[in-house]
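Taking it in order: structure first as structure tokens, then the write-up.
Numbers here simply count residues along the sequence, with the first being 1.
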Amino acid sequence: MYKILVVDDSALMRRIICDIINADNDFRVIDVSADGEDAYNKIKNNSYDLVVLDMVLPKLPGVALLERLYNEKVACNAVLISSSLKEDADSTMKAMEYGALDFVVKPIRSSGETREIFGKQLVDSLHNVIKSRAFRPSASKTGFTSATQAVGESRRNTVERLAGVRSRLAEAKGVGSAQTNPPEPKAQPIAKPLVSNDRPTVPKGTGVRTKKIIALACSTGGPQALHTFVPMLPANLSVPLVLVQHMPEGFTASLAARLDQISGIKVKEAEDGEFFKPGVVYITPGGKHMKICEDGSRAAYCQLDDSPPVNSLKPCADVMYQSLAKSSFDEIICVVLTGMGADGSEGIRYLNQYKKTYVISQEASTCVVYGMPKAVEQGGLSNEVVPLKSVANSIVKKLGGL
């Protein structure tokens, strides 16, 4: 059972969070704090497997607490509770740089259906975190021994294997997901596009056609990975880069702004109808699907789609990849980084039937969660498997050195 510290200045929210966590047999809240200073002292002097941390706290805000722990090299497996307000979203993105493993959006109301959704998201987040490679169980103070850790590792491996079995069973039923040993991608039957083109966007202004485009997908661990990867891209990248990061509405703008601050290349949240320009990274807004369309001159532009979630995801990388099937690009460089699940693999498989692709997936040991890259690699779709810090270099090489 994983031992948890809950930090929130609201007594009501503390009780709600504790009730949600304690209802799951894998977790137990053993301590609470109402302010950042008290939480800091407790984390320094006790061992917790996880800390559920509100971002807005008296005395010491959540991001400042994590920054202090980070600078002092104090381990903390933090799951953040954040609102979608811009200030909180900005702080959340910064907190991810200081080692926070995931975040959940706090409900505006604390009862009814909203609370149920929040509870499911929080418990799912905690389970995802303990399965991630970045998670480090507490040491001997909480009774964890090397044998216990070995059991935990075995459990995570079992979860991954079961996920693979479920995927294969789903595919056998026609639902569609990556197989462990699929036929060659080009031989796959043509799938139906996931999102229709009922309401096309009218592009704004004029664009420039590029012969290639980079399309990237990531999920759990993605913000941290992007903070490493994006600053390594050259400012004069000769093609646009579009990406899907699984995030709620309101957070992708903060992620884009933060990445733009620390990178030579321009980073922005994508806008409906805007043309994609070389040397710019476009992040799909949370709560929207992105499709890549072209005008009469074959210049690519963004179409944001408000269709329902696909496989419970919105944005969904499969939608982005499938939309590229009708494009005129000579080659599409697909990049899949850390993430839970298999989003991206089916979209790339579909895309392979129509376009020349080159697929780069992140190497397992550098992933927070080796789910999405694993589905791509085991599906026989990867042309290159590289550590996170080598992804940018692989892209530049594939582009012919710019």
Report summary line: Of all heavy-atom pairs linking Gly264 and Ala235, the shortest is O-CB, 3.5 Å
Query raised in the report: Is the closest side-chain heavy-atom distance between Ile214 and Val242 below 4.5 Å?
Result: no
**Report entry** Over all atoms of both residues, closest heavy-atom pair of His246 and Pro315
**Finding:** CD2-O, 3.4 Å
Query raised in the report: Does a sphere of radius 6.0 Å around CG in Asn71 hold more than 12 heavy atoms from other residues, nucleotides or ligands, not counting ones at 6.0 Å or beyond?
Result: yes
Query raised in the report: Should we count CZ of Arg298 as having more than 12 external heavy atoms under 6.0 Å?
Result: no
Query raised in the report: Do Lys204 and Glu274 pass the salt bridge (Lys or Arg N to Asp or Glu O under 4.0 Å) test, and can you show the C-alpha distance, the side-chain angles, and the key distance before you say yes or no?
Result: CA-CA 6 Å; Lys204 304 166 187 175; Glu274 75 173 315; over 6 Å; no
Query raised in the report: OG1/Thr252 to OH/Tyr282 distance, rounded to the nearest 0.5 angstrom?
Result: 15.5 Å
Report task. Taking the side chain as every heavy atom from C-beta outward, state whether Ile292 and Met320 have any pair of such atoms under 4.5 Å apart. Result -> yes
Requested in this report: Mind listing the closest non-hydrogen atom pair of Pro387 and Glu363 along with its distance?
Outcome: N-CB, 3.7 Å
Query - Parallel, tilted or perpendicular, as decided by the 30° and 60° cut-offs, for the rings of Phe27 and His127 - result: perpendicular
Query raised in the report: Does the side chain of Leu80 come within less than 4.5 Å of Leu53's, by heavy atoms?
Result: yes
Query raised in the report: Within a strict 4.5 Å, meaning less than it, do heavy atoms of the Leu226 and Cys218 side chains meet?
Result: yes
Query raised in the report: Between Arg14 and Asp8, is a salt bridge (Lys or Arg N to Asp or Glu O under 4.0 Å) present by the stated rule, with each step listed?
Result: CA-CA 6 Å; Arg14 286 199 303 274; Asp8 198 298; 5.8 Å; no
Query raised in the report: Would you say Lys268 has more than 12 foreign heavy atoms packed within less than 6.0 Å of its NZ?
Result: yes
**Report entry** N/O donor-acceptor pair under 3.5 Å between Lys42 side chain and Val32 backbone
**Finding:** yes
Query raised in the report: Which heavy atom in Asp49 sits nearest to a heavy atom in Lys3, and how many Å separate them?
Result: OD2-N, 2.6 Å
Query raised in the report: Measuring from Ser390:OG to Phe229:CZ, what's the distance to the nearest 0.5 Å?
Result: 11.5 Å
Query raised in the report: Just by distance, with hydrogens left out, do Asp295 and Tyr301 show a side-chain donor and acceptor under 3.5 Å apart?
Result: no
Report task. Examine distances only and state if a side-chain atom of Glu249 and a backbone atom of Gly286 form a donor-acceptor pair shorter than 3.5 Å. Result -> no
**Report entry** Any donor-acceptor N or O pair under 3.5 Å, side chains Glu294, Ser328
**Finding:** yes
Query raised in the report: Of the non-hydrogen atoms in Thr338 and Val369, which two are nearest, and what is the gap between them?
Result: OG1-N, 3.0 Å
Query - Gap separating the OG1 atom of Thr284 from the CD atom of Glu269, nearest 0.5 angstrom - result: 9.0 Å
Query raised in the report: Any donor and acceptor pair, going by atom type alone, linking the side chain of Thr366 with main-chain N or O of Leu388 inside 3.5 Å?
Result: yes
Report task. Start with the C-alpha gap between Leu5 and Leu50, add the side-chain angles, then the distance that decides, and say whether side chain to side chain contact (heavy atoms under 4.5 Å, CB included) holds. Result -> CA-CA 7 Å; Leu5 166 68; Leu50 291 154; over 6 Å; no
**Report entry** Lys212 NZ/CZ over Phe329 ring centroid, <6.0 Å and within 45° of normal
**Finding:** no
Requested in this report: Could you tell me whether the side chain of Ser382 reaches within less than 4.5 Å of the side chain of Ile360, counting heavy atoms only?
Outcome: no
**Report entry** Gap separating the OG atom of Ser323 from the CD atom of Gln303, nearest 0.5 angstrom
**Finding:** 8.5 Å
Query raised in the report: Is Tyr70 atom OH crowded by more than 12 heavy atoms from other residues, nucleotides or ligands, each under 6.0 Å away?
Result: no
Query raised in the report: Would you say Lys288 and Asp306 make side-chain contact, with heavy atoms under 4.5 Å?
Result: yes
Anything under 3.5 Å between a donor and an acceptor, one on a side chain of residues 58-69, the other on a protein residue two or more places apart or in another chain? List them.
| residue | atom | partner | partner atom | Å |
| --- | --- | --- | --- | --- |
| Glu67 | OE2 | Tyr98 | OH | 3.3 |

Report task. Report the distance from atom NZ of Lys106 to atom CD1 of Ile16, rounding to the nearest 0.5 Å. Result -> 10.0 Å
Report task. Enter the distance from Met55:CE to Asp90:CG here, rounded to the nearest 0.5 Å. Result -> 10.0 Å
Requested in this report: Quick one: closest heavy-atom pair of Asp343 and Asp318, and the distance?
Outcome: OD1-N, 3.1 Å
**Report entry** Working for salt bridge (Lys or Arg N to Asp or Glu O under 4.0 Å), residues Lys374 and Glu377
**Finding:** CA-CA 5 Å; Lys374 182 179 182 180; Glu377 185 180 353; over 6 Å; no
**Report entry** Distance flag, aromatic centroids of Phe251 and Phe103, threshold under 6.0 Å
**Finding:** yes
Query raised in the report: Hey, does Lys355 have a side-chain heavy atom less than 4.5 Å from the side chain of Tyr321?
Result: no
Report task. Answer yes if the side chains of Asn77 and Arg136 hold a donor-acceptor pair under 3.5 Å, and no otherwise. Result -> no
